[in-house]
Chemist: 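Got a structure for you, questions after.
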Amino acid sequence: MRVGRLAAYAGLFVLGAVVGTAGALVQGGFFPAGLLLGLVGAAGAFYGGARAIGTRAGAVAPAAGWLVAVMLLTATRPEGDFVFAAGLGSYGFLLGGMAVAVMCATLGRPSQPGGSAARLGK
């Protein structure tokens, strides 16, 4: 594995953490639109990472960053503060983000343009 690819994965991890943090804050502030905005942002980061790198690991790296950030934000502090309230929006963001991550990580590769319909070697 090359240094450039590792740097790309690290950058995608950080991007996923930023998207997860921003989505966690937005989904609670503007309930229906904020939830959709957070999930669309997460989907863009996951799918964009997969397309940019060209492998499924490109979607897994931002998904891992998203998951780490969201799990850290679900923990309560000793003062009793928390980011996620028990409600439809919070659960929708958590479960929807995980579902979007799985969908983006398991998408098939696009077909090669310009290829013939015949099988190779025949």
Side-chain angles (χ1 to χ4, degrees):
M1 194 171 283
R2 296 184 186 165
V3 176
R5 189 171 287 255
L6 286 176
Y9 288 139
L12 287 172
F13 182 87
V14 170
L15 175 69
V18 169
V19 167
T21 302
L25 296 174
V26 169
Q27 64 86 22
F30 311 106
F31 170 60
L35 175 62
L36 290 176
L37 182 65
L39 290 176
V40 167
F46 305 155
Y47 185 70
R51 294 293 296 203
I53 301 293
T55 63
R56 291 181 179 169
V60 173
W66 182 90
L67 185 65
V68 167
V70 169
M71 287 299 126
L72 289 175
L73 290 173
T74 58
T76 59
R77 296 179 47 194
E79 295 86 15
D81 299 335
F82 54 88
V83 175
F84 289 102
L88 182 64
S90 298
Y91 292 126
F93 181 69
L94 293 172
L95 297 175
M98 289 182 217
V100 167
V102 169
M103 284 187 269
C104 290
T106 57
L107 283 175
R109 289 187 163 194
S111 62
Q112 295 292 326
S116 66
R119 292 177 45 192
L120 296 176
K122 294 284 179 179

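Along the sequence shown, residues carry numbers from 1.
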Chemist: Which heavy atom in A61 sits nearest to a heavy atom in L12, and how many Å separate them?
Modeler: CB-CB, 4.0 Å
Chemist: In this structure, would V18 and L94 fall into the same cluster of hydrophobic residues linked by side-chain contacts under 4.5 Å?
Modeler: no
Chemist: Transitively linked via ILVMFWY side-chain contacts under 4.5 Å: V40 with L25?
Modeler: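 Looking at the clustering, L25 is in a separate group from V40.
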Chemist: Linking I/L/V/M/F/W/Y whenever their side-chain heavy atoms sit closer than 4.5 Å, directly or via other members, would V60 and V100 fall into one cluster?
Modeler: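 No, separate clusters.
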Chemist: Give, for atom CG of L107 and atom CZ of F46, the distance between the pair rounded to the nearest 0.5 Å.
Modeler: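 Here the rounded value is 12.5 Å.
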Chemist: Report yes or no: do V14 and L72 belong to one cluster of Ile/Leu/Val/Met/Phe/Trp/Tyr joined by side chain heavy-atom distances under 4.5 Å?
Modeler: no
Chemist: Identify the heavy atoms of T21 and L73 that sit nearest to each other, and give their distance.
Modeler: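 Closest heavy-atom pair between T21 and L73: CA-CD1, 4.0 Å.
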Chemist: What's the spacing between L6 CG and F13 CZ if we round to 0.5 Å?
Modeler: 14.0 Å
Chemist: What are the two closest heavy atoms between A45 and V19, and how far apart are they?
Modeler: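 Smallest interatomic distance, heavy atoms only, reads CB-CG2, 4.1 Å.
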Chemist: Measure across Y9 and I53 and return the closest heavy-atom pair with its distance rounded to 0.1 Å.
Modeler: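 Where Y9 meets I53 most closely, the heavy atoms are OH-CG2, 3.6 Å.
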Chemist: So which heavy atom on A105 is nearest to which on A59, and how close?
Modeler: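 Result for this residue pair: CA-CB, 3.9 Å.
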Chemist: Look at the side-chain heavy atoms of Ile, Leu, Val, Met, Phe, Trp and Tyr, link any pair under 4.5 Å apart, and say whether W66 and Y91 land in one connected group.
Modeler: no
Chemist: Do you know which two heavy atoms are closest between R5 and T55, and how far apart they sit?
Modeler: NH1-CG2, 4.0 Å
Chemist: Distance from F93 atom CZ to M98 atom CE, nearest 0.5 Å?
Modeler: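 It comes to 10.0 Å.
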